[in-house]
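All remarks here apply to the structure that follows.
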Amino acid sequence: MSDLDMIDRLNTCLRFDTAGRVEVLDHQAADEALAGMSSRPKAREIERCLVKRDFSDNRLLALSGPQARSGTVIALVSTPYLRDAADQRIISLQGFQYTDLDAPGSLRSEYPAPDVRPVNLYASTKGILDTIRYVAFFPDSVVGDCPEGYADGIYFCAKFVTAFEERVRPLLDRLWLPRSFVALRSATHAQLLTAAANWVHLHEHHHCEALLPISKYARLKNTRLSGAFEELRVDICAMLSDLDEAMDRDMAQITFEFILAFRLIYYGSSFAPERDYDAITSVALSNMLGEGGCIGRGSDGRYRLAADADLREVLAHGLERMNAIETALAADDLMADGTQLPALRATLETQVQRLCRCEDQKTIRRGPFHARHAEAIETLVPEPA
């Protein structure tokens with residue numbers, strides 16, 4: 001059995017509090033799991049922490065060498081996607097085996113995003129593998145010591161490709177006319193991995209390159225609705241990025257359609273907008289494109305997309321409105337007086353509510369478009385964890 005299997009076994013006999021202290025320990029089971037690990041430095045580090053019953057100073061991530069181009073990462077993490085029966089975050093040992101999956105060098109040069117690492121995921125612990133939303137590993141989720149200067153967000157591009165193959169492609173085949181998402185439907189597995197790498201790179205670039213960059217204005221965009229505003233803005237920017245100089249035309253088109261399919265179809269069909277900010281972006285984007293005449297229905301009831309030029313025009317117009325809001329907010333010193341943040345944040349939230357056609361409601365729900373997709377997907381795959 002692999003070291004990741006041994007980490008899974010450890011998670012069955014350990015429980016951690018939010019500070020990384022061990023609350024429950026089955027000594028015999030833990031000893032057996034540690035004995036089965038091939039990486040003795042990592043096994044010894046886990047054993048050291050178990051003796052103290054405290055992982056708060058663990059150096060598992062440092063021992064994993066996450067800055068290498070390939071390897072196996074093991075860390076104690078807290079993630080919002082792993083929750084217990086009381087809906088509280090689970091602190092657990094997780095790990096994954098990866099190799100770097102670089103976006104094209106010209107893309108990295110034109111759209112710098114130094115802290116993003118798209119990778120190909122070869123194996124992982126069950127917490128990562130079985131949780132559909134666990135698509136990235138961030139250092140701020142680590143409980144313990146990170147290597148000095150380490151700040152990379154590691155994105156598991158293979159999980160995006162799996163989500164496409166298991167959820168998006170079947171929906172396209174069932175509910176969309178063949179002339180919609182043509183490049184994406186014909187893309188190879190390798191091209192899909194590259195498209196995912198391109199997407200996460202552009203996504204993180206546009207988080208940073210903005211009037212209100214997330215690195216400085218995270219408190220402004222930390223609610224479900226204001227977070228949805230930011231995610232939608234970022235991915236519209238990604239779709240409108242000029243990629244012709246960074247890659248060949250076919251790959252640029254696949255990347256555009258990959259981002260559009262996830263933001264328009266995947267999130268809204270797989271997750272409930274009542275609870276998920278990514279699902280809210282799907283509702284907002286479908287309304288934006290629908291009102292712009294970019295989503296229609298064929299005689300057989302299947303959907304069709306407008307021509308790319310029309311799509312880009314509507315997206316650009318929507319981005320102009322979002323940028324105008326950020327321009328107005330940027331005129332204020334948002335960080336000078338924290339008491340103003342709720343009112344400023346409400347400006348972003350109101351725009352999302354308008355796009356979702358629910359200004360007078362506190363809860364955003366699926367419309368007919370996503371309800372139909374969600375109903376179709378229930379016959380394809382089980383509900384996400």
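A donor-acceptor pair under 3.5 Å is absent between the side-chain atoms of Ser78 and the main chain of Ser141, judged by distance alone. Of the possible donor and acceptor atoms, one in the side chain of Asn58 sits under 3.5 Å from a partner among the backbone N and O of Val143. Formation of a donor-acceptor pair under 3.5 Å by the Arg304 side chain with backbone atoms of Arg297 is found in this model.
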For Glu326 and Lys221, run salt bridge (charged side-chain N to carboxylate O under 4.0 Å, His left out): C-alpha distance rounded to whole Å, both residues' side-chain angles, the deciding distance at 0.1 Å, then the answer. CA-CA 11 Å; Glu326 292 217 338; Lys221 302 174 177 181; 2.8 Å; yes

Go through the steps for Arg9 and Asp3 under the test salt bridge (charged side-chain N to carboxylate O under 4.0 Å, His left out), then give the verdict. CA-CA 10 Å; Arg9 289 185 64 180; Asp3 283 357; over 6 Å; no

Stepwise side chain to side chain contact (heavy atoms under 4.5 Å, CB included) test for Ser70 and Asp100: CA-CA 6 Å; Ser70 64; Asp100 274 353; over 6 Å; no

Please lay out, stage by stage, how Thr350 and Arg345 fare under the test side-chain hydrogen bond (donor to acceptor under 3.5 Å, both in side chains). CA-CA 9 Å; Thr350 298; Arg345 190 185 296 120; over 6 Å; no

Full working for salt bridge (charged side-chain N to carboxylate O under 4.0 Å, His left out) between Asp235 and Arg263: CA-CA 8 Å; Asp235 276 342; Arg263 195 53 69 187; 2.6 Å; yes

Run the numbers on Leu240 and Leu319 for side chain to side chain contact (heavy atoms under 4.5 Å, CB included), then give the verdict. CA-CA 9 Å; Leu240 294 177; Leu319 182 60; 4.0 Å; yes

Using side chain to side chain contact (heavy atoms under 4.5 Å, CB included), reason through Phe164 and Arg169 one step at a time and then give a plain yes or no. CA-CA 6 Å; Phe164 173 79; Arg169 188 189 294 278; 3.3 Å; yes

Stepwise side-chain hydrogen bond (donor to acceptor under 3.5 Å, both in side chains) check, Glu349 with Thr223: CA-CA 9 Å; Glu349 295 176 337; Thr223 64; 2.6 Å; yes

Checking salt bridge (charged side-chain N to carboxylate O under 4.0 Å, His left out) for the pair Asp8/Lys126: CA distance, chi angles, key distance, verdict? CA-CA 7 Å; Asp8 279 329; Lys126 291 180 179 178; 5.4 Å; no

What do the steps show when you test Leu107 against Leu202 for side chain to side chain contact (heavy atoms under 4.5 Å, CB included), and what is the final call? CA-CA 8 Å; Leu107 180 69; Leu202 290 166; 3.8 Å; yes

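Taking the centre of each ring, Tyr98 and Tyr122 stay at or above the 6.0 Å mark. For His203 and His207, the ring centers are positioned less than 6.0 Å apart. Aromatic ring centroids of Phe258 and Phe160 lie 6.0 Å or more apart. Aromatic rings from His373 and Tyr266 are positioned such that their centres are separated by 6.0 Å or more.
Nearest heavy-atom pair, Ala30 versus Cys13, reported as atom, atom and distance to 0.1 Å: N-SG, 3.7 Å. Minimum interatomic distance between Ser286 and His370 (heavy atoms only, all atoms of both residues): OG-CE1, 3.5 Å.
Counting non-hydrogen atoms of neighbouring residues, nucleotides and ligands closer than 6.0 angstrom, the CZ atom of Arg59 reaches no more than 12 such neighbours. Environment of CD in Glu274: crowded, with over 12 heavy atoms of neighbouring residues, nucleotides or ligands closer than 6.0 Å. Within a 6.0 Å radius of CD in Glu245, no more than 12 heavy atoms belonging to other residues, nucleotides or ligands are found. Heavy-atom contacts from other residues, nucleotides or ligands closer than 6.0 Å to CD of Glu313 number 12 or fewer. Atom CZ of Arg48 has more than 12 neighbouring heavy atoms from other residues, nucleotides or ligands inside a 6.0 Å radius.
Remark: Arg133 is positioned above the aromatic ring of Phe271, its terminal NZ or CZ atom under 6.0 angstrom from the ring centre and at most 45 degrees off the axis. Tyr155 does not carry Arg117 over the face of its six-membered ring by the limits of under 6.0 Å from the centre and within 45° of the normal.
A donor-acceptor contact closer than 3.5 angstrom links the side chains of Asp5 and Ser2. For the residue pair Glu257 and Gln253, a side-chain donor N or O sits within less than 3.5 Å of a side-chain acceptor on the partner. Under the 3.5 Å distance criterion, with hydrogens and angles disregarded, no donor-acceptor pair is assigned to the side chains of Arg69 and Thr99. In this model, a donor atom of one side chain and an acceptor atom of the other lie less than 3.5 Å apart for Gln94 and Thr125. Checking Ser106 against Ser109 by side-chain atom types alone, no donor-acceptor pair falls below 3.5 Å.
Clustering ILVMFWY residues whenever any of their side-chain heavy atoms sit less than 4.5 angstrom apart, transitively, puts Leu61 in a cluster other than the one holding Phe16.
With salt bridges taken as basic N to acidic carboxylate O contacts below 4.0 Å, none links Glu47 and Arg44.
Proximity of Ile7 to Ile46: side-chain heavy atoms (C-beta onward) are separated by under 4.5 Å at one or more points. Counting heavy atoms from C-beta outward, Val314 and Glu291 have side chains that stay 4.5 Å or more apart. Under the 4.5 Å side-chain criterion, counting only non-hydrogen atoms from C-beta, Gln351 is in contact with Leu355. The shortest side-chain heavy-atom distance between Arg15 and Ile90 does not fall under the 4.5 Å cut-off. Residues Leu311 and Leu305 are in side-chain contact: their nearest non-hydrogen atoms beyond the backbone lie under 4.5 Å apart. The shortest side-chain heavy-atom distance between Ile295 and Leu264 falls under the 4.5 Å cut-off. No side-chain heavy atom of Asp17 sits less than 4.5 Å from a side-chain heavy atom of Ile91. Residues Ile265 and Leu175 are not in side-chain contact: their nearest non-hydrogen atoms beyond the backbone lie 4.5 Å or more apart.
Shown are His205, His201, Glu204; of these, the side chain to side chain contact (heavy atoms under 4.5 Å, CB included) with Pro112 is made only by His205.
Aromatic ring pairs are classed by plane angle as parallel below 30°, tilted from 30° to 60° and perpendicular above 60°; the pair Tyr303 and Phe369 is perpendicular. Using bins of under 30°, 30° to 60° and over 60° for the plane-to-plane angle, the ring pair Phe156/Tyr134 lands in the tilted bin.
Note that the CG atom of Leu329 and the CG atom of Leu212 stand 6.0 Å from one another [nearest 0.5 Å].
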